[in-house]
Every structure is written in structure tokens, then in C-alpha cells.
Amino acid sequence: MFKIKQKTKKIFSTMLVFSLIFVEMFPIGVYAIELDEINAASFFGVAPIQIEKASELYEKFMNKTDVDAYAEKYAEGPINGTENQIQGIMYKQDVPKVDVTFSAEGGGTAGSIMTATALPSFFKADPKNLYFTWYLKRGNCGLPSSDKPGDVESCDEDSDGKITENDWKIAAAKIIVAGDFNAKELDENGNKKISYASSSVDDKAAGYDAPVPRYCYARDSAAGIDYELTRVEELFKDDACPAGTKLSCAKSGQQETCTVLNPAYVEADYQANLAAIAEAQAWNADPANALDQHIVPEPYAISKTIERTTNKFCEVANEDYFCKISSENDFKNYQASVDCYDGETAMCVADSGNTLFPTTAPHTAVIFAKDNLCSSLEVNPNSPAVTPPVPAWLNAQASAFNAVANQSCSSALAVTEATGTCTFEKTDENLCQHLFAQLPSSMSDETGDGKFTLAEKEFWGTDPTKTSTNGKGKDEENVVGLGVDKFSWMFSPGDQVGVVIEGDSAFPTEHADSSYKRTWAFSKNTCEAIEKLSDDELVSGAKGESNKNKRGGYLEGPGGKDCPLNDKSKCTGFFTAEIDLNECLEENLLEPLVDGVSKFGIKLVTSPENPINDPDGRGDILKVSTVTTNTQNQKAVLYKWSVQKSTDGGNPPINTTSWFDITTAMEKSGAFSAADASGLGKKELAINLNVSDEVIKSGWSENKKTAFDKNGVFYLKIKVSVIGGAVDGSQEAAGFAIVRVTQQQDKIQVYPVTAGENGMLSISSGDNPMPDCDGTCVVSKNQIVAVKVPISTNTTTVVPFEWTVNSNPIYCDATISTQCDLSTGSQGNILFFPIVGNVGEAIDIVARGLKNGEAITVSKHFVIGEMGAQIKSADYDNAWPKLLGYAKDLTGNKYPDYSNNVLETYSGKEVTLLGQAGYNWTVDGQEMLDYVNQDLQITIDKLAGESYNVGLLIDKDTAQSKNNRMALYRNWGISPYDSTEENQNADIQLNVIANPNQAMVDSKSNFFGASLITHLPAQLFFLLKISLTSILLLLATGLLFSFIPETLFRKEK
Amino acid sequence: MKNKEIITTVFFIVASLFLYTIFNGDNIFQKTVISLVFFVALPILFNKFILKGTIDLFGLKIGDWRQGLLWSFYSLIAVGFIFFVISKYLGFFNHYAAPFFIVIDFGRFLLYEFAVVAVLIAVYEFYFRGFVMFVFESSFKYWAILIQTLIFVILVLSARDSVVFYMFLPYLIFTPFAGFIAYKSKSILYSGISQFLIVVFLDTIFIKMIK
């Protein structure tokens, strides 16, 4: 038991191990999960969180990042600094803007009056209190810097010798202020009618004072920042550095070569040398020692001093510091910093002497005073105390400055942290300026100064006798554009117009007063000069640098006072910029014909109103005409037509309906030609509404297709685009018309006709419409055909219909058939008519009536075909036409081609061939008298490969035939001689072919003596074969087994 | 087993396989009947009437279930690895074919596996392991495994059809393993089930690749 258990355990543990290995090896999509990659989220179908390393987790959440340094730097910043959330909210303000629309009286042609209307928004004031400075740039008045510099002579309105934006403003202002008044009008003698010698109107009466706002702003929409147009200048306060220090610029890497005591010099040796020399000289000078001269020792050769170059230190260079805003973060926090030139470092240093930090040794930072290196290092070549010990600085162990040798100024600054402070303050210079049209510099007056002098009147061309020349507001008010939200001028090609609106926005300033932000809105609401500010530099107090187009900022303390830099928390910051808003005018020019709203108009008129489409080609002709307004020369106008179909089915189209272009499909189908759809002066288009069902239904859902089959309505959009001649300024316009089209639905049904003895015609109630007549119906000569327009009960159809045959009216009344008798309840929707004509001719039947209040037209096309009987099988399962092959059309589609004269069948089938009254059958030449006047039935007892010849003789001399001829004569006067019958014969061959489902016994007919087997069903034959084989095999094996001796192959022992 | 029995058995096997190869069926029913007759009925009749043996010869019993399970497991691993290699490096699934209707519908897949594949496997197990191997086992021991493998290979290759070859490749590869399992367990049950599992698994992979 124990052994069994062990064995079982072993087996299962082996299985377990192998199954684990199996799972790992086998490629069933198991992905190894790496330790460092956490994709837990992907299990839940969300984007995975990728963390490269586990340590990254720690780094992300545990370590300090720049966020902390940032917070430390800008702690206690102003109220609207970036660390406060207010700024984020304040950025999101609706900026004042303007929309400009154009309209033209004469369609935008040269000489027409064009009117531009400005619609300001988000201004605090009413538009009538805003300043609209319009400017008009004529085609030949380009700026000198543009691609096409203009003609100075004709465009320089302010006579400054060049074309500027001011010239454009003057051009517009002159038109506005003058209105219809023409100061240059001449009298019959050619003299000017208007004199500016004097004016009866007081200067102030026509004047307007436009005060300059104290604060004005330009908004950078992308950044959401309002820049106050103010000049700022740097400010260094007394407390820029701590007490006892001052701001300076220090330079790193300063060295000096100092004269120091030579370490090799020994004073005692020198003195001893001196003494020895003196002694020797004294001995030698004594005459008694003339013969015993002592050698005078050489002088002491070692010099007392030596030149040594110091290490590199940080040393004050100069005091040329300036204030600047260093970075975007500083800018957003209104933080300025001190900087120096030439890579020097701005820092606070001791008022005198070296700056030592800390004050006692060992020092961790030293900034030497200017030119104080050598002396600071206690080296004095003239020091009398040139004695050992070696000076301290040469002794590395004792030097107080060695610890800071090679220290750079920035390292020293990092230790002392004495960077110094500065700020920017706004100057008293007010950069806020109106953008009004300015008078020439030669004139002493100013626009909007409250006085409209005579000189101004003459310049502007106003009426000197009136305060308001154009009748709308004072003249100077019109010059400054007060409330002038419309500008009308005589248009000429190439004109461009712009407007800049000045006014207070809806938002107050942050100043401690009641001011609102005065700002400007441009016609395209864009200004590159402002938008570029965020990429531009920041203000700086450096010499030689202009702060134009630079961003700056300043702080204002509570109540508008100075902001204490040591406590900025109560201050408010303002972003500033120095930009000239006139630079924004050129890019805000609008082209009336491109940017304008209304162009010359195109209207389309269609006829008929409710056209009918017939895929068979008998639909209405839809005529579309243009009624073009505002054009003068229609023949020079290029028209381009296109037709589109609604993809919304039969539902009336709405703004969001998509339209499917079917122009090419319609051209292909012959609805109109390509030449009709495009060309000069092609202001009309005639469309044959013969759109096929396939084109109509393309792109529709099944529901829409079903609905269309039911109600047959679809919508077409006929579009025309028109391009005018160049003379009129190359106008472009488009127009369209939407047409509701009804599909030809009420199809005419064709019925066989029964003629009575008296020639009265009728459709038998049990008769079905003639098959094969859905499209073109093939009929025989002298046949009488009945056509009927079916009327459904849920429509109100007014009858009777009006019928025409090949455009000739035809009618049916009680004399032809009781079914046409309106008095007996007939609905007038049936027509009987004869087929007269020759083989190959066509007959068109058209019925016109009213259905649901709409006029409808239905038509049917007949073709007279060959007369002749055709033998047809009643049941294609038993006998069917022989497939002759396949015909291919030009597109490669295959169509089967069946024989009309040969049918095929299998042996044993019961074949029925259709017959009717007057049919006499023959089979293989033998008359089948049992089947006269009726269907022929044959039992196929011939074998495959054999055939029957079936003949048909139609005896036309029947009552029906006679009645037909009577009806033709009686109703339509067709002579019996013209309607004689012809004997119609038909012959077919009925081939008996092999049945593939039958057993193969047929081919075994030559098998000897096995006629029984050859006629067995295949299944039995199979069973027989397999049984015989099995028995044979067993027998053979058994025989072999029996006949092999036992002793065969036995080994001999 | 006596020599005359061996000779007769060999003759029977050769003749039956030859006749099986040349015997034509018009439809799948006839083909199934042919298989059943040549691979099941005739061996039974041969064993009973010629060899005078019992039905026990064919391994239709539980046998040694431990050996059966163990060697089935090892064989599945080994064959799994082999198919992994040949599918990855030789593109086996590019040539493998199965009736398309098994892809469309799970019900049809089950029907195919249990009504067609299972029957086919049962027939082959019965003939090649149950009859050929067991009949030679007593005389040739382990060589009987090789004999039945060779016979099966010859039978498949005689079709000379690459489609048939790839369709029968799972059977070809597993034949020696099946023989070993049957030999060890003395039953065709475990080898049959293992073969069935392999084919079902491969068909599943095949369906997954198509879909």
C-alpha cells in the first residue's frame, strides 16, 4: 500500500513538473512579466503604466525635485505670482475682439460702394463710445518693406515722404468724416467751391477731446497675459545688500604675481657674507698685508625676493552691475536679479577690504577687494621683517587662504548667498497712445485734442460751415472714429481694409484706482508683435540695450506705493511691454472679396417643380436656370454645373445632410453632356431625369432603400459655381437648388386580351400581367394589348388617365370594352390598343393623370417582335433549355446563352410542354391527337444520347383569332386583309442526357453476361463489391494458412 | 506466434491494405464503410477464423492504467515539442488543412472532432495498434511498434498527395508514440485518447490562426 502510494506520488509529481515546463515552453501566448515593468492596468483594459525601474517609483514620489527649489525661490512672492492660483484664473479672460463683415451694393465690382461693419465684443463700453480707427490700403499703397511697395506720390497722405500705416488711416478717416461732402468740388469756372479761408464753426464745437488713458494693455491671447504698455527701469534700493556690504561685480580666476621673500635666502648667510667681504677687503687694504692678500668672497648671490604667482581667486572687478529679469519663472514671479557684464558675478561684497566668509578663519569663501591680492596675502617686498619664518601664505599648512584657492566667484556666492537684490519700477513715461490717424507733422494740431481747427478742416476735407460734415457726430469725433462702426467706400480691386477698436475691456486693472484695462481689438484679432513677446527677451538694465518689444514687470505695493522687496506678499505684479501697436495694422488688413460675407449672388430656378425620374429614360427634363445678380457681363462668366444626390433617402434634406456627387454618373447615362455642364455663359442646364435605381440607391441604408421602393422620392442638389471676368475683379460665387424628384412608380402593367365575338375586348379577371414585360415589352403585329395603371387604395388618384400612343392621343371607351366604361364603375386606367407596325418598330404608351394631387406620367415601351410560336417547358426541373455557353460583355460579365430550339431532359422524366388552344403536337413525326389544344406530356423512355423531335403547329383559325380580327377592324379600322393569320410552326429537339446521379450501370452495358449487375443501383453494387472482396480475402488468407506446413521455417535445434 | 501465422498475417495485412487503397468510394459514407470493413471487420474475422484468437487481442480493455497515463503524458510532451518545432521552423500550419466548416461554428467543430476524427482515430487505433502491433508483439516485442509505424507511413505516403500527407502528419508523428503507449499499457484506449487530444489541439490552433 505504501509502495503504491509512493509510486502514485512519484507519477503525479513528475506530471506536475512536466506540466509546468510544458506551460512555459508551449507558445500559447504567455508573456513573461518582467520585474521592472508594471502593466497591471492593462489587465483591466486601460493604458498600462510604464515605470522603467522600481527605483523610479521611489524617485518619483520620495525625492525632492525642482518643485521644492522653485517654491523656495519664489516663496512669499506677490499676490498674483505663479505660486498663487489667482494668476491662473486671471489668465482666463475673454479678450475684446471684433468681427468684420462686408457687403457691397454693386456686387463688389470696381466703383461699387463697399461697406465694412465692425462688431466689437467684450468691451465694457457701448460701441458708440469706442474708437474705431479704420484704415484703407489701396492696391498701390503697399508699405516700403512689403513685396509691392506703393506709389508714394498718390498714397502719402501725411506728406512724410513715405507710405506708413498712418497714410492708410488718413485715407479711411477722410472718407468717414467727409461722408458725401466733396471738398474738391469745382464750380463752372473750374474754381473750388469750398473755401477754407475762414470757418463759421468754433474749433471746439467740432472738436473732440480724446484723453490718453493712464494704463493701457495689449493682450497675448495664447499666453493669456495682459501686458501693460509701460516703460520700466531698474531700481536698486538701499537695502539691495545687507548692512556693511555693497553690490559689486567680481571676476573669477584672478591672479597676481607678487614679489615675495625668496625661501632660499638666509639673512645670516647674507650678513656673514657681507662681513667676510668687509674683512677681506680691510685686510687687503692694509699695506702690511700687501704680500698676503686674502681672497675676497663672492657676494651673496641668492636674491632676497622672488616673484611668485598666486593661486586663482575671486576678486572684485568693478561696480558696473545692472538689473534684469533672468528667466521665464522670474518673469512670471516679477523677480529681478542683479547681473554684471563680461561674465562677472554680481554679489554683495564688504564695503572695504576683502570679503571674508565667515569672518574668522578658516574661511570658506573669499572675495578679494580690487587689486588687493598681493597685499592681502601678507606679502610686502619692503617689509623689514624679512626673516624666517617663511611667510604664512607660502606655508601651505598655515595659510588662511589656501582653503579657498582657485575658488570661483560663483562658488563663493554659493557660500555667501549674498546676491543682492534689485527690481524694476515703472517710469512716468506713458506709452499709451491712441492709434488715431495723425495729422502731418507740419501741422501743430493733434487729432483728438478737443479742437478742430480750420487747418484740420482743410486737411480732412470737411465742411467748414458745419460741426458735422457727414451728419453723424462731430467732425473730430469722426476723425477719431468715435462710434464709427461702419465704413463705406468706393471699392476698387486690390483694396484692403482694417479696423482697430480702442476701448476699455470688461476687466478692471489691478491698480489701486478705478481704471479698466484700455485695450485694442484688431480686425483679424491677431498681432504678431504681441504674440512674439513670449519668445522675445526680457527687460534688462544693461547699457546699450533697448527694451523695445521686451517683456518686463514691476511690483506695486498696497495703495499704489512702492513694494517692499523683503515682503512682497502684499504687492501686485504687472507685466509690461514696450510695443508699438501700429505694427499690428498691416497683418490685420482684410480683403473684402475674400473675407467678405456677401458676394454677388446667384439664384437658381428649376422647372418643373416636381419632376419625375424614370430609369427607363422617359423621365422629365429638369431645367435649371441661373438668375445672377450683381454681375454686369454675364457672357464673360464661367459656369460649372454639378449634380449631387442626398444620402438621406426620401427625407427632406437639412443642413447636415451629406450629398453624393453623381455628375459623372449622369453624364454617362446621358442626362446631360459634359459640354453642357461647364462653359462660358452656360447659365442654364437641362437634365434628363433618367437616373437609374442603382445610382439613386447607392450609399443608402436598407431602410432608406425600402422606403424609396415604397414612396419613390429622392432629392437632388444642382449646384453651379460661377467665376466672373477679371475686369470686374474676378468675382466668384456659387448657388444651388434642391429639387424633390419622384421616381416613376406607377408602372403600366400589360395584360393579354380576350376578344369577344362582337369584337368587344376584355381582360379576364383571372389573367395575370404578361410576363417578360417588365422592361420593354415585345409584342406581335396585329396583337391587341391591354395596358393598365394600377391604382392602390391608399392614394387619391384622379382618373381617367389621358393616354397617348407614340404621342398620338388614344382613348378607350365603352365601345371598345366595358372595362373602359366610366359610367359602370371603370376607373379609366385601362387602355386597349392594337399593335400596328412592322417588326422592329417601337410603340410608346404614355398615361398622364393625377395622384395624391401631383401630376404623374407613366409610360411603357413596346417593340414589335417576330411572330412565332415557341415551345416551352412547363417545368424546368424536368426539361430545360440547353446551355449553349456564355457570352461576355465588354466589362467581362458573363451571361449564359440558352438555346431556343433544344431542350434537355433525363431518361424517365415526365416532360410537359406548354400548349394552348390551336396547338397541334407531333412527336418524332407522329401526331399526338390526345394533346390537341393543350399541353403536351411525354414520358421519357429513351436512353441518354437519344432525342425526341417535337413539332408544334398552331392553327390560327380559331375563334379567338377571328374575334381578334373582328376587334381590330371594328375598333380601329384595321382591315381583315391586313390582319391575316400566318401558320406558325415550331420545332424543338428534346435531348435525353445522362443523369449524373444515376448509377454507372449505363456505361457497363458491354459487360459480359452481367446485365443484372449493370442495372443495379450504385449503392447495392458497392455493397456487393465490398462483400465479395472481403470474402475473397478471407478465403485466400485461409487457404494460405491451410497450405503452409507447420514445419516450415522451423529452426533445427 | 508460429511462423505460418506470421506469414499469413503478413499476407493478410498486405492484401487488406492493398485492397483498401484500390477500393473506391463515391462518397464519405462508402469510404467510411470501406475503412470499417478493412480495418475493423476483416481483422476481427481474420483473428477469429484464421488465427483462432479472441477479441482480447485488440486491446479493448483498461490494461495498465498507470503505464498508460504516464506514457501518454510523456508522449504528449514530446509530440507537443515536436509540433512546436515544426510549426515554428517548418511552417506546419501553412500546409495543414481541415474542413472549413469547423472554423465557422463551434458545434460543427465538435461534430467534426467527435463524429469524424474520433471515428477515424478509433479505426486506425484498432487496426494498427490493436491488430498489427498486438499480433506481432508476442514474436517481435518492441519491434512491433516499428512495424506498425512503417506500415502506417507506407499507407499514408502511398496516397502521393501532399494535402493528405499534411493532414495525416499528426497521426504519422504520433504513431510510434501511440504504439509505445499501447505496448506498455496493453490497451489502445490511452493511445487513442492521446491521439485524439493531439488532433483536437492542433485543429484548435489551426482555427485560432485562421480567425
Side-chain angles (χ1 to χ4, degrees), chain A residues 3-30 996-1001 1017-1052, chain B residues 2-20 22-27 29-31 33-38 41-52 65-67 69-74 76-81 83-85 87-88 201 204-205 208:
Chain A
K3 272 192 182 171
I4 292 170
K5 271 194 179 171
Q6 276 287 76
K7 208 170 177 185
T8 313
K9 245 196 204 170
K10 222 174 159 183
I11 290 167
F12 278 106
S13 60
T14 314
M15 282 168 68
L16 189 65
V17 167
F18 272 96
S19 64
L20 284 173
I21 297 169
F22 176 87
V23 163
E24 285 302 310
M25 273 173 48
F26 212 86
I28 53 173
V30 175
N997 293 328
Q998 257 187 349
M1000 52 189 176
V1001 294
Q1019 293 82 358
L1020 266 180
F1021 191 63
F1022 168 77
L1023 279 174
L1024 183 68
K1025 274 199 312 190
I1026 203 164
S1027 306
L1028 286 175
T1029 308
S1030 306
I1031 292 167
L1032 209 62
L1033 178 62
L1034 285 170
L1035 273 175
T1037 314
L1039 279 170
L1040 181 67
F1041 188 77
S1042 303
F1043 285 119
I1044 293 176
E1046 289 274 351
T1047 55
L1048 189 65
F1049 302 122
R1050 185 181 291 169
K1051 281 185 189 171
E1052 294 294 330
Chain B
K2 297 175 193 168
N3 287 338
K4 67 184 255 180
E5 286 172 345
I6 293 170
I7 294 167
T8 318
T9 308
V10 168
F11 170 78
F12 174 79
I13 290 170
V14 170
S16 65
L17 288 176
F18 174 72
L19 288 168
Y20 169 76
I22 64 170
F23 214 96
N24 283 331
D26 290 334
N27 51 49
F29 177 74
Q30 288 186 2
K31 286 179 180 156
V33 167
I34 293 168
S35 300
L36 285 171
V37 164
F38 284 102
L42 281 176
I44 291 173
L45 292 172
F46 174 79
N47 181 54
K48 186 171 173 56
F49 294 112
I50 311 295
L51 297 181
K52 305 282 192 268
W65 63 272
R66 289 195 197 87
Q67 291 291 312
L69 283 176
L70 185 68
W71 291 108
S72 296
F73 198 75
Y74 292 150
L76 285 172
I77 305 291
V79 170
F81 177 74
F83 273 103
F84 169 67
V85 169
S87 64
K88 198 169 168 63
F201 194 72
T204 310
I205 301 281
K208 192 172 158 60

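Just so we're on the same page: letters track the sequence lines, and every chain starts at 1.
- A search for ring pair (Phe, Tyr, Trp, His ring centres under 6.0 Å) contacts involving Phe38(B) returns Phe23(B), not counting sequence neighbours.
- Atom CG of Leu1039(A) and atom CZ of Phe11(B) lie 9.5 Å apart (nearest 0.5 Å).
- Contacts of Leu19(B) with chain A are made by side-chain atoms alone, with heavy-atom separations under 4.5 Å and no backbone atom involved.
- Residues Phe1022(A) and Ile34(B) have side chains in contact (heavy-atom distance under 4.5 Å, counting atoms from C-beta outward).
- Proximity to chain A (any heavy atom under 4.5 Å) is shown, for Ile50(B), by both the backbone and the side chain.
- The structure places CD1 of Ile1044(A) at 9.5 Å from CG of Asn3(B), a figure rounded to the nearest 0.5 Å.
- Checked against ring pair (Phe, Tyr, Trp, His ring centres under 6.0 Å), Phe1041(A) has no partners two or more places apart in sequence or in another chain.
- Separating the CG atom in Leu42(B) from the OG1 atom in Thr1037(A) is a distance of 8.5 Å, to the nearest 0.5 Å.
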